[in-house]
Amino acid sequence: QQVLTYTVENTGTATLTLNGTPASTAASNVSVDSISAPGTSSLAASASTTFTVAYTPTAAGAFSFELDVDSDDADEGTYDLTISGTATQAPGFSQAIAPGTILADGTATVTFTIDNSANATAATALDFSNTLPAGVEVAATPNGSTTCTGGTLTASGSGSTISYTGGTVSAGASCTVQADVTAATDGSYSNTSGDLTSSLGNSGTSSASLTVASPEIDLQRPAATSLADGGSDAQGSVAVGVQQVLTYTVENTGTATLTL
């Protein structure tokens, strides 16, 4: 909410009488929340009084409203004023991880989107930092990139932080910041960044999840008796000319589908 204080001065030589509380009309993209009554309705020559107007823009973009002050002024009985401006809001801030599920030691791309499409003003001094959850790190080859203007992206291979500072997103536009990440252990990881701040305010945090799921083959004979990879399955003494039939069990002990 914005609050404006106006002063009414009688620059004439006779008493000026104000007729009630000023009124607003023709509001566009704005809510006129309140208008206070002047401190006094009768102003002697050279005297003055004040009143306040409180308003709240409805959405980002141009806004305006008319303010009418009625009095017994002979040639300005209704004093008209147009209040106008451009409202802004902090850019939207979101993130996505793709693919959302990877194998252990695989890579996924974290993309942060800064959405300034609602504003007619550029957002400058973009700044955020994201400390990755335990078990997730920046990939050895980070492939860090941004479509924002200027700024510094930091994403060091095998590091735990992705950060961006000093950039700009144009009016009515969006831009992205991205880098690759990896994880060695199966599980579900929730990634929440720090706040995105800019010249247009605080956009808050962004969040996304990464799942690491891998298949794991286990060969058994008999069932439930695992045979080590690279090991042996000793048969002992087997009669010549007598066919032997062995039954092996293949079990997937991992967390993702195993394809043979």
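Predicted model only: the values in this text are computed from it and were never measured. Numbers here are sequence positions counted from 1.
- With values rounded to the nearest 0.5 angstrom, L126 atom CG is found 6.0 Å from C175 atom SG.
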>> Determine whether Q89 and N119 satisfy the following criterion, side-chain hydrogen bond (donor to acceptor under 3.5 Å, both in side chains), listing intermediate values before the conclusion.
In response: CA-CA 7 Å; Q89 63 187 37; N119 287 311; 5.6 Å; no
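- Around the OH atom of Y79, the shell of radius 6.0 Å holds no more than 12 heavy atoms that belong to other residues, nucleotides or ligands.
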Expected list for residues 159-171: side-chain donor-acceptor pairs under 3.5 angstrom, two or more places apart:
residue : atom : partner : partner atom : Å
Y164    : OH   : G150    : O            : 2.6
T165    : OG1  : D127    : OD2          : 2.6

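- Of the possible polar contacts, one joining the Q244 side chain to the V242 backbone as a donor-acceptor pair under 3.5 Å is found.
- Note: D68 CG to T78 OG1 = 6.0 Å, rounded to the nearest 0.5 Å.
- The side-chain contact (heavy atoms from CB on, under 4.5 Å) check on T107 picks up A139, T182, with sequence neighbours excluded.
- Not counting sequence neighbours, the partners of T249 by the side-chain contact (heavy atoms from CB on, under 4.5 Å) test are Q220, A223.
- Of all non-hydrogen atoms in S71 and E76, the two that sit nearest each other are OG-O, 3.9 Å.
- The CD atom of E66 lies 9.0 Å from the OG atom of S84; values are rounded to the nearest 0.5 Å.
- Taking S129 as the reference, nothing meets the side-chain hydrogen bond (donor to acceptor under 3.5 Å, both in side chains) condition, with sequence neighbours excluded.
- Residue S48 holds its OG atom at 11.5 Å from CG of L16, rounded to the nearest 0.5 Å.
- Take S174 and apply the side-chain contact (heavy atoms from CB on, under 4.5 Å) test, not counting sequence neighbours, and it matches D115.
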Under 3.5 Å donor-acceptor pairs involving side-chain atoms of residues 252-260, not counting sequence neighbours:
residue : atom : partner : partner atom : Å
N252    : OD1  : E216    : N            : 3.1
N252    : OD1  : G254    : N            : 2.9
N252    : ND2  : A256    : O            : 2.7
T253    : OG1  : E216    : O            : 3.3
T255    : OG1  : D186    : OD2          : 2.7
T255    : OG1  : S214    : N            : 3.1

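- Once rounded to the nearest 0.5 Å, the distance linking OG1 of T146 with CG of L153 reads 6.5 Å.
- Here the straight-line distance linking atom CG of N130 with atom CZ of F112 works out to 4.0 Å at 0.5 Å rounding.
- Checked against side-chain hydrogen bond (donor to acceptor under 3.5 Å, both in side chains), S209 has no partners two or more places apart in sequence or in another chain.
- For D233, the salt bridge (charged side-chain N to carboxylate O under 4.0 Å, His left out) test picks out R221, with sequence neighbours left out.
- S36 places a side-chain N or O within donor-acceptor distance of the main-chain N or O of T52, the cut-off being under 3.5 Å.
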Tell me which donor-acceptor pairs under 3.5 Å the side chains of residues 224-231 have, and how far apart each pair is, sequence neighbours excluded?
residue : atom : partner : partner atom : Å
S226    : OG   : D218    : OD1          : 3.0
S226    : OG   : D218    : OD2          : 2.8

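- Of all the heavy atoms in L81 and Y6, the pair that sits closest is CD2-CE2, 3.7 Å.
- Annotation: disulfide bond (SG atoms under 2.5 Å apart) contacts involving residues 226-260, sequence neighbours excluded, are absent.
- For Y189, there are no ring-ring contact (aromatic ring centres under 6.0 Å, His included) partners two or more places apart in sequence or in a different chain.
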Show me the donor-acceptor pairs within less than 3.5 Å that the side chains of residues 91-106 make with the rest of the protein, sequence neighbours left out.
residue : atom : partner : partner atom : Å
Q95     : OE1  : N191    : ND2          : 3.0
Q95     : NE2  : N191    : O            : 3.4
Q95     : NE2  : S206    : O            : 2.9
Q95     : NE2  : S206    : OG           : 3.3

